[in-house]
Novice: 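One structure coming up, written as structure tokens, with questions to follow.
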Amino acid sequence: MKGILHAIDAETGKDLWTYTSFGPILHAVAVAEGHVIFGDIAGKITAVNLADGKEVWSQRIPQAVWNSPLIHDGFAIIGGR
């Protein structure tokens, strides 16, 4: 509930990287084309680099994001509350 996304090494259980968002992340993420895409309760939709967790792009919307994103044909589709 602190808005921290963790990429965890499956073998060691240790963090590979973390990304701190504006608010809590209440759903699963989507992964496509080397990016991890997710939204947060503050209405920020973010894509971070899968390899290092650095922000690639973000977009603010006026609603909280409570749903997992869907990736289709290069588009991230995410519903707001």
Side-chain angles (χ1 to χ4, degrees):
M1 295 303 287
K2 295 183 179 186
I4 301 172
L5 180 66
H6 295 261
I8 300 171
D9 184 303
E11 292 181 19
T12 68
K14 296 183 182 192
D15 283 343
L16 294 172
W17 52 260
T18 61
Y19 177 86
T20 303
S21 193
F22 282 10
I25 302 164
L26 303 176
H27 53 76
V29 302
V31 178
E33 300 177 7
H35 299 137
V36 179
I37 298 112
F38 60 94
D40 65 29
I41 201 166
K44 183 180 179 190
I45 301 167
T46 306
V48 298
N49 187 298
L50 180 61
D52 61 14
K54 303 277 190 235
E55 186 174 311
V56 176
W57 59 262
S58 67
Q59 177 68 45
R60 297 286 304 216
I61 64 170
Q63 300 92 10
V65 178
W66 288 37
N67 304 29
S68 298
L70 168 69
I71 307 301
H72 178 71
D73 262 351
F75 289 93
I77 302 165
I78 302 175
R81 183 163 172 99

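Residue numbers count from 1 along this sequence.
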Novice: Under 3.5 Å, is there a donor-acceptor pair linking the side chains of His27 and Asn67?
Specialist: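 No.
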Novice: Thr46 and side-chain contact (heavy atoms from CB on, under 4.5 Å): which single residue from Arg60, Glu55, His35, Gln59 fits?
Specialist: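 Among Arg60, Glu55, His35, Gln59, the one that satisfies the side-chain contact (heavy atoms from CB on, under 4.5 Å) with Thr46 is Glu55.
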Novice: Identify the residue among Asp40, Ile45, Ile25 that makes a side-chain contact (heavy atoms from CB on, under 4.5 Å) with Val65.
Specialist: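 The passing option is Ile45.
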Novice: Determine whether Ile77 and Ile37 fall in the same hydrophobic cluster, where Ile, Leu, Val, Met, Phe, Trp and Tyr are linked whenever their side-chain heavy atoms lie under 4.5 Å apart.
Specialist: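 Cluster IDs for Ile77 and Ile37 differ.
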Novice: Could you see if Trp57 belongs to whatever hydrophobic cluster contains Ile71? Use Ile, Leu, Val, Met, Phe, Trp, Tyr and a side-chain cutoff under 4.5 Å.
Specialist: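 Both belong to a single hydrophobic cluster.
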Novice: Under a 4.5 Å side-chain heavy-atom rule over Ile, Leu, Val, Met, Phe, Trp and Tyr, are Val31 and Leu5 clustered together?
Specialist: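 Yes, Val31 and Leu5 fall within the same hydrophobic cluster.
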Novice: Quick check: is Ile61 connected to Phe22 through a chain of hydrophobic side chains (ILVMFWY, heavy atoms under 4.5 Å apart)?
Specialist: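 Different clusters.
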Novice: Taking all non-hydrogen atoms of both residues into account, name the closest pair between Asp9 and Thr12 and its distance.
Specialist: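 Looking at all heavy atoms of both residues, the shortest contact is OD1-N, 3.0 Å.
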Novice: A side-chain contact here means heavy atoms from C-beta on lying under 4.5 Å apart; do Trp17 and Val48 qualify?
Specialist: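 A side-chain contact exists here, since the closest heavy-atom pair is under 4.5 Å.
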Novice: Where is the tightest heavy-atom contact between Gly23 and Ala42, given as atom of each residue plus distance?
Specialist: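 Looking at all heavy atoms of both residues, the closest pair is N-CB, 4.3 Å.
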Novice: Say whether, by atom type as modelled, one donor and one acceptor occur between the side chain of Ser68 and the main chain of Ala28 under 3.5 angstrom.
Specialist: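 Side chain of Ser68 to backbone of Ala28: a pair is present.
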Novice: For Gly53 and Tyr19, work out which heavy atoms get closest and say how close.
Specialist: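 For Gly53 versus Tyr19, the nearest heavy atoms are O-CD1, 3.5 Å.
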